[in-house]
Each structure stands twice: as C-alpha cells, then as structure tokens.
Amino acid sequence: MDKDSRLFGFVIGCIVPVLAYIVLDQIFEMLTQVGVLANPSGEGINRRLRTVGLLAICVNLVGFNWAKNRRYDYTMQGIVYPTLIYVAAWIYMHANVLF
C-alpha cells in the first residue's frame, strides 16, 4: 500500500483512535487501582468515558502531523475523514451534556 494515499490515511485514521482508546482506558483503570484517581461512580463514569474518547480522537493529530512532516497530502486527507466521523459520533453521543 502506498504511504501517500487516501486509503492509507483512512486506515490510520480508523485504527489509531481505537487503539488509543484501549490504551488510555487501561491507563485510567490502572491509575484508579493504584489510588491516584478516584473510583468513578454515577456521572463520573460518563465523564471518564467522554474524556477518554476525546483524547483517543485527538491522538489522530500525531498521525496527521507525521504525514504533514513527510508531505503526504493524500494521507492527511485520508486521516481527516474518519476523524470527522469520530468527532460527529462523539458529539452525538454526548450532546445532552454538551448543549
């Protein structure tokens, strides 16, 4: 697969946030078990879900910056599409709290 293609960027944009969510959720869980963070309950669980989801979406900026530094314009475009889909889904899921 060519590194400067929209398909490659789309794959990166789809996979990276999912992996980042898994890693960040495990980090938050580990910090809770150690006692650094309080154990969430009620609204705290939803707040943590929103935070981890937003941070996972933002991890796409790393791939976007990598493609920008190598001047992979088509890859950057491919990363933007799933990022916008994830952002729209995140806003839809949490619209009642945000607005």
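Just so you know, these numbers use all the heavy atoms, side chains as well, and skip hydrogens, waters and symmetry mates. Bear in mind the structure is a predicted one, so any value in this text is a computation, not a measurement.
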Pairs satisfying side chain to side chain donor-acceptor pair (under 3.5 Å), at least one member in residues 75-85, at least two apart:
Arg6-Gln77, Asn60-Thr83
What's in the same ILVMFWY side-chain cluster as Leu98, cut-off under 4.5 Å, chained through other members?
Val18, Ile22, Leu54, Ile57, Tyr86, Val87, Trp90, Ile91, Phe99
Those residues that, when tested against Thr32, pass side-chain hydrogen bond (donor to acceptor under 3.5 Å, both in side chains) (two or more places apart)
Arg48
If a pair satisfies ring-ring contact (aromatic ring centres under 6.0 Å, His included) and one of its residues is in residues 15-37, list it, with sequence neighbours excluded.
none
Partner set under side-chain contact (heavy atoms from CB on, under 4.5 Å) for Gln26, not counting sequence neighbours:
none
Which residues satisfy the side-chain hydrogen bond (donor to acceptor under 3.5 Å, both in side chains) test with Glu29, sequence neighbours excluded?
none
Apply side-chain contact (heavy atoms from CB on, under 4.5 Å) to Leu61 and list each qualifying residue two or more places apart in sequence or on a separate chain.
none
According to side-chain contact (heavy atoms from CB on, under 4.5 Å), who are the partners of Leu19, at least two apart in sequence or on a separate chain?
Ile15
Remaining members of Met93's ILVMFWY cluster at a side-chain heavy-atom cut-off under 4.5 Å?
none
Not counting sequence neighbours, which residues clear ring-ring contact (aromatic ring centres under 6.0 Å, His included) with Tyr72? List them please.
Trp66
Working to the nearest 0.5 Å, report the span between CG of Asp4 and CE of Met76.
8.5 Å
Taking only residues two or more places apart in sequence, or in another chain, which ones meet Tyr92 in a side-chain contact (heavy atoms from CB on, under 4.5 Å)?
none
